[in-house]
Asker: 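For reference, the structure I am asking about is given below.
Chain A is the first sequence line, chain B the second, and so forth, proteins listed ahead of strands; every chain is numbered from 1. Atoms considered below: every heavy atom in the structure, side chains included; atoms not considered: hydrogens, waters and symmetry mates.
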2 protein chains.
Amino acid sequence: MREREEPWEPPLLMVTVDLVILTLRASVLQVLLVERGIEPFAGCQALPGGFLSDEKEDLHAAALRELQEETNLDASRLHIEQLGTYGAPERDPRGRILTVAYLAIAPGLPEPVAGTDASGAAWTPVDRVLSGQVRLAFDHRQIFDDAVERARTKLEHSPLATKFCGGEFTIAELQGVYETVWDVKLDERNFYRKVQRIPGFIEPTGADRRAAKGRPARMFRAGPAKALHPPLTRPEGPHAEEES
Amino acid sequence: MREREEPWEPPLLMVTVDLVILTLRASVLQVLLVERGIEPFAGCQALPGGFLSDEKEDLHAAALRELQEETNLDASRLHIEQLGTYGAPERDPRGRILTVAYLAIAPGLPEPVAGTDASGAAWTPVDRVLSGQVRLAFDHRQIFDDAVERARTKLEHSPLATKFCGGEFTIAELQGVYETVWDVKLDERNFYRKVQRIPGFIEPTGADRRAAKGRPARMFRAGPAKALHPPLTRPEGPHAEEES
DNA sequence: TGAATAGTGTCTATGAGACATTATCTT
DNA sequence: AAGATAATGTCTCATAGACACTATTCA
């Protein structure tokens with residue numbers, strides 16, 4: 001082992017921060033991708049990100065900054081968490097570049113982002129990437145897969161789903177999040193009771209929402225809970241088992 | 001956002017790989033710590049680790065290499081996974097240094113490591129660190145806390161516990177792992193049935209182990225499952241709720 | 001009124017936890 | 001036989017899932 005105490009000059013590396021930003025638009029799970037303008041992988045789709053810039057900037061702050069530049073949303077409605085760091089030697093043809101990947105969840109953003117710094121950014125349905133119809137640069141496919149798997153798992157144990165909704169939402173909308181991300185169909189009635197029984201998950205605002213048809217639905221907001229006890233378990237099925 | 005395509009020289013950073021190596025010795029959960037010889041934090045305890053050395057070395061491989069240098073165990077019995085990357089600007093007084101932290105689980109190692117490269121390394125009971133009796137250098141306390149929490153959580157959903165045991169173990173031993181890491185008491189009889197019902201978790205070797213007293217116990221080995229369905233849930237209690 | 005959506009009630013099978021009981025070893 | 005540990009059985013209660021039903025809106 002190379003002791004860090006040795007009088008030896010450690011190698012210097014370049015580090016990027018890349019983002020997997022997921023949102024729900026028109027009941028479709030989408031990810032923000034940018035088209036690369038130059039080599040390597042020119043013309044290819046890639047995750048938004050950039051080099052870790054300021055020597056005094058915290059890693060998490062850097063991710064948040066990039067996220068805001070892409071989506072210009074207030075941080076309070078956003079969820080962001082570190083996904084992992086990717087450091088395979090050949091992941092970038094330009095040389096050894098580490099990337100710290102972040103997963104972000106945003107409520108349905110109005111229109112494809114434009115006019116911001118990140119021109120060329122566009123929402124892309126997640127299944128188009130998962131199915132291979134859209135190819136990603138570098139090892140971004142790997143990062144993307146990990147991100148989707150992380151999101152799916154965290155929906156079970158954390159109140160993450162509320163981050164896909166706005167500040168207020170109906171239970172049916174919340175169920176829609178679960179159904180879309182998990183790609184399953186859930187029973188509305190059992191979901192309704194189950195979700196409300198989890199302490200601190202959601203709390204009623206008192207308001208109703210009336211749609212074009214049907215009985216008005218009660219509105220809820222996210223509660224204080226940081227974890228779901230008991231968890232909302234994903235219905236089992238012919239699932240490939242994954243774990244790190 | 002700083003596009004990576006710009007003709008602009010990105011900053012270079014130093015990156016270390018640090019390890020939280022957990023093991024079970026005499027039914028006590030222990031972590032491997034080294035005593036720092038020089039400033040900063042001379043004389044303080046720290047997690048073992050070192051600078052990311054070879055430009056062509058994979059991140060994961062680097063962690064594995066450091067781990068083997070510390071414990072000289074064959075990789076097959078070891079578990080290692082990335083924990084996260086820590087990049088607060090002031091985490092190292094020498095300058096901006098990122099660290100990629102790894103969590104490793106090893107079966108009970110015979111004696112305190114010695115004679116290896118890592119002189120000064122010693123097993124330390126985890127509760128001595130958690131309780132603050134042992135102070136750690138840098139932000140290693142944070143990393144350590146995250147590692148313990150990760151291990152506790154993963155015991156529920158993954159066959160991680162078997163990595164604390166050798167190749168073969170009894171169900172009582174496996175239960176001991178859960179009880180020690182979770183710091184709870186479990187019912188032997190319910191545990192016995194529950195564990196065996198989880199498909200692919202453990203499988204009988206056919207052999208028995210006879211102790212000084214009592215009926216011989218059947219031996220098991222880890223099964224092929226990568227995840228536990230259903231999970232082994234930690235008994236609830238006055239738990240502080242944690243989540244990222 | 002009917003169509004549509006929201007919300008409630010009920011039944012049943014399964015699983016978790018509490019704990020009694022039986023089995024098999026050593027001394 | 002005694003003592004100890006392993007393995008099995010039984011009971012009860014809570015919960016998950018299936019699904020019938022009631023409630024409230026708009027057209």
Asker: Under the rule for side-chain contact (heavy atoms from CB on, under 4.5 Å), what residues qualify as partners of A/Ala106, not counting sequence neighbours?
Answerer: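 Per chain and number, A/Ala106 pairs via side-chain contact (heavy atoms from CB on, under 4.5 Å) with A/Thr23, A/Leu73, A/Leu78, A/Leu109.
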Asker: Test A/Asp146 against A/Tyr86 for side chain to side chain donor-acceptor pair (under 3.5 Å), laying out the working first.
Answerer: CA-CA 11 Å; A/Asp146 293 347; A/Tyr86 296 77; 2.6 Å; yes
Asker: Heavy atoms of chain A, cut-off under 4.0 Å: which first and last nucleotide of DNA chain C, 5' to 3', fall inside that, if you could look?
Answerer: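 So the contact region on DNA chain C extends C/dA4 to C/dT10.
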Asker: Find the distance B/Gln175:CD to D/dA7:P and express it as a whole number of Å.
Answerer: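 Rounded to whole Å, this separation is 12 Å.
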Asker: Could you report the tightest heavy-atom contact between B/Ala46 and B/Leu136, atom names first, then the distance?
Answerer: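 Between these two residues, the closest heavy atoms are N-CD2, 4.5 Å.
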Asker: Look only at the side chain of B/Arg150 and the backbone of B/Leu83, and say whether a donor-acceptor pair between them is shorter than 3.5 Å.
Answerer: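 The answer is yes, because a donor-acceptor pair under 3.5 Å joins these two groups.
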Asker: Give every residue pair that meets the side-chain hydrogen bond (donor to acceptor under 3.5 Å, both in side chains) criterion with at least one member in residues 191-208 of chain A, sequence neighbours excluded.
Answerer: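 Those involving residues 191-208 of chain A are A/Asn190-A/Arg193, A/Tyr192-A/Arg218.
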Asker: Check the pair A/His140 / A/Gln142 against side chain to side chain donor-acceptor pair (under 3.5 Å), numbers first and verdict last.
Answerer: CA-CA 5 Å; A/His140 287 188; A/Gln142 173 72 47; over 6 Å; no
Asker: Can you sort out which residues in residues 204-221 of chain B have a heavy atom within less than 4.0 Å of DNA chain C? Ascending by number, please.
Answerer: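 Nucleic-acid contacts, sorted: B/Arg210, B/Ala212, B/Gly214, B/Arg215, B/Pro216.
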Asker: Quickly work out the B/Phe191 CZ to D/dT8 P distance and round it to whole Å.
Answerer: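 Going from CZ in B/Phe191 over to P in D/dT8 covers 15 Å.
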Asker: Do B/Arg25 side-chain atoms and B/Gln30 backbone N/O form a donor-acceptor pair below 3.5 Å?
Answerer: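 A pair under 3.5 Å: no.
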Asker: At how many degrees, to 10°, do the end axes of the helix from C/dT1-D/dA27 to C/dT27-D/dA1 meet when each uses five pairs?
Answerer: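 Comparing the axis at each end, I get an angle of 10°.
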Asker: What residues, two or more places apart in sequence or in another chain, satisfy side-chain hydrogen bond (donor to acceptor under 3.5 Å, both in side chains) together with A/Thr180?
Answerer: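 Once residues adjacent in sequence are excluded, A/Thr180 has no partner under the side-chain hydrogen bond (donor to acceptor under 3.5 Å, both in side chains) criterion.
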Asker: Write out a two-atom table: protein N or O, nucleotide N or O from nucleotides 14-17 of chain D, distance below 3.5 Å.
Answerer:
unit_1: D/dG17; atom_1: OP2; unit_2: A/Lys194; atom_2: NZ; d: 2.6

Asker: With a 4.0 Å cutoff (strictly under), does any side-chain N or O of B/Tyr192 reach OP1 or OP2 of D/dT8?
Answerer: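 Indeed, a polar side-chain atom of B/Tyr192 lies that close.
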Asker: Would you be so kind as to tabulate the donor-acceptor pairs closer than 3.5 Å made by side chains of residues 210-217 of chain A, with sequence neighbours excluded?
Answerer:
none

Asker: Suppose we screen for side-chain contact (heavy atoms from CB on, under 4.5 Å). Which residues come up paired with A/Ala172, at least two apart in sequence or across chains?
Answerer: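 Testing A/Ala172 for side-chain contact (heavy atoms from CB on, under 4.5 Å), a comparison that skips the adjacent residues, returns A/Thr170.
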Asker: Taking side-chain contact (heavy atoms from CB on, under 4.5 Å) as the definition, give me every residue that meets it alongside B/Asp145, ordered by chain and number, with sequence neighbours left out.
Answerer: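 By the side-chain contact (heavy atoms from CB on, under 4.5 Å) rule, B/Asp145 matches B/Leu130, B/Arg141.
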Asker: With sequence neighbours left out, write down each residue that passes ring pair (Phe, Tyr, Trp, His ring centres under 6.0 Å) with A/Tyr102, or none if nothing qualifies.
Answerer: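 With neighbours one apart ignored, the set is A/His60.
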Asker: Using the salt bridge (Lys or Arg N to Asp or Glu O under 4.0 Å) rule, collect all pairs that involve residues 161-183 of chain A, keeping only residues at least two apart or in two chains.
Answerer: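 Applying salt bridge (Lys or Arg N to Asp or Glu O under 4.0 Å) to every pair that reaches into residues 161-183 of chain A, excluding sequence neighbours, yields A/Glu173-A/Arg209, A/Glu179-A/Lys185.
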